[in-house]
S.K.: 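The structure that follows is given in the form of structure tokens.
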Amino acid sequence: MQAVVELLRAEVAYYNWVGIYLVDDGKLVLAAWDGPEATEHTTIDIGQGVCGLAARNKETVIVDDVRAKDEYLACFPQTRSEIVVPLMRGEECIGEIDIDSDSPSAFTESDRELLEVVARLLVNAYFPS
Ligand code: SME
């Protein structure tokens with residue numbers, strides 16, 4: 001998982017911070033990350049923040065402007081947009097990929113498609129059913 005977050009961040013210029021959270025005991029716990037600095041949000045309740053919203057709804061969330069999103073939990077002052085893609089094992093959300101960008105409206109349907117494939121590969125590789 002560390003290799004995956006490093007590869008994503010290295011390959012896409014506007015992926016400024018990339019993390020993988022895994023569900024543990026009903027909470028999202030940061031398992032791997034790559035970026036310029038650590039986040040203080042290493043544990044997030046399901047339903048809290050954009051991360052918790054994606055986990056609760058089991059759907060990818062794209063936020064074009066984090067400053068305009070009520071649920072947003074701020075990690076880095078320079079972040080302007082965010083995408084959160086759930087890791088689904090069957091009907092269960094077992095974690096997610098969370099990416100912050102310093103550019104507004106950075107994430108498009110292409111990012112969603114790419115990251116949903118990466119999410120499926122991660123689940124199949126590490127958490128086969
Ligand atoms: N912004 C996230 C919190 C995690 S940090 O982006 C690393 C949220 O709103 O849930």
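Counting starts at 1 for both ligands and their atoms, in listed order.
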S.K.: Would one find an N or O of Asp100, backbone or side chain, under 3.5 Å from an N or O of ligand 1?
M.R.: yes
S.K.: Is Phe76 close to ligand 1, meaning an N/O of one under 3.5 Å from an N/O of the other?
M.R.: no
S.K.: Per the side-chain contact (heavy atoms from CB on, under 4.5 Å) rule, which among Val63, Ile44, Val66 passes with Val50?
M.R.: Val63
S.K.: Looking at Asp24 and Val29, would you say the former's side chain and the latter's main chain have a donor-acceptor pair under 3.5 Å?
M.R.: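 No, the answer is negative, given that no donor and acceptor are paired below the 3.5 Å cut-off.
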S.K.: So, Gln2 side chain and Trp33 main chain: donor-acceptor pair closer than 3.5 Å or not?
M.R.: yes
S.K.: Identify which one of Leu22, Val118, Val23 satisfies the side-chain contact (heavy atoms from CB on, under 4.5 Å) criterion when paired with Leu87.
M.R.: Leu22
S.K.: Please write down residue, atom name and distance for the protein heavy atom closest to atom 1 (N) of ligand 1.
M.R.: Leu73 O, 2.8 Å
S.K.: Please work out, at 4.0 Å between heavy atoms, whether the side chain, the backbone, both, or neither of Trp17 comes within that distance of ligand 1.
M.R.: side chain
S.K.: Quick one: nearest non-hydrogen protein atom to atom 2 (C) of ligand 1, plus distance?
M.R.: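 Protein heavy atom at minimum distance: Glu82 OE2, 3.2 Å.
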S.K.: Is there any N or O on His41 that sits under 3.5 Å from an N or O of ligand 1?
M.R.: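 No; the residue has no nitrogen or oxygen that sits under 3.5 Å from a nitrogen or oxygen of the ligand.
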S.K.: Got the closest protein heavy atom to atom 8 (C) of ligand 1, with its distance?
M.R.: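 Its nearest protein heavy-atom neighbour is Val50 N, 3.3 Å.
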S.K.: Would a distance-only check, ignoring hydrogens and angles, find a side-chain to backbone donor-acceptor pair under 3.5 Å from Arg80 to Ser101?
M.R.: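 Judged by distance alone, no pair lies under 3.5 Å.
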S.K.: Provide the number and element of each atom of ligand 1 under 4.0 Å from a heavy atom of Tyr21.
M.R.: 4 (C), 7 (C)
S.K.: Should we count CZ of Phe76 as having more than 12 external heavy atoms under 6.0 Å?
M.R.: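 Atom CZ in Phe76 is packed in, count exceeds 12.
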S.K.: For ligand 1, which part of Cys75 has a heavy atom less than 4.0 Å away: the side chain, the backbone, both, or neither?
M.R.: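 The answer is the side chain of Cys75.
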S.K.: Please report the closest heavy-atom contact between Tyr15 and Leu8, naming both atoms and the distance.
M.R.: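 Answer, listing the atom of Tyr15 first, then Leu8: CD2-O, 3.6 Å.
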S.K.: Of all the atoms in ligand 1, which lie at a distance below 4.0 Å from a heavy atom belonging to Asp98?
M.R.: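 Selected atoms, number and element: 4 (C), 5 (S), 6 (O), 7 (C).
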S.K.: If you count the atoms of ligand 1 from 1 in the order shown, which ones are under 4.0 Å from a heavy atom of Tyr72?
M.R.: 1 (N), 9 (O)
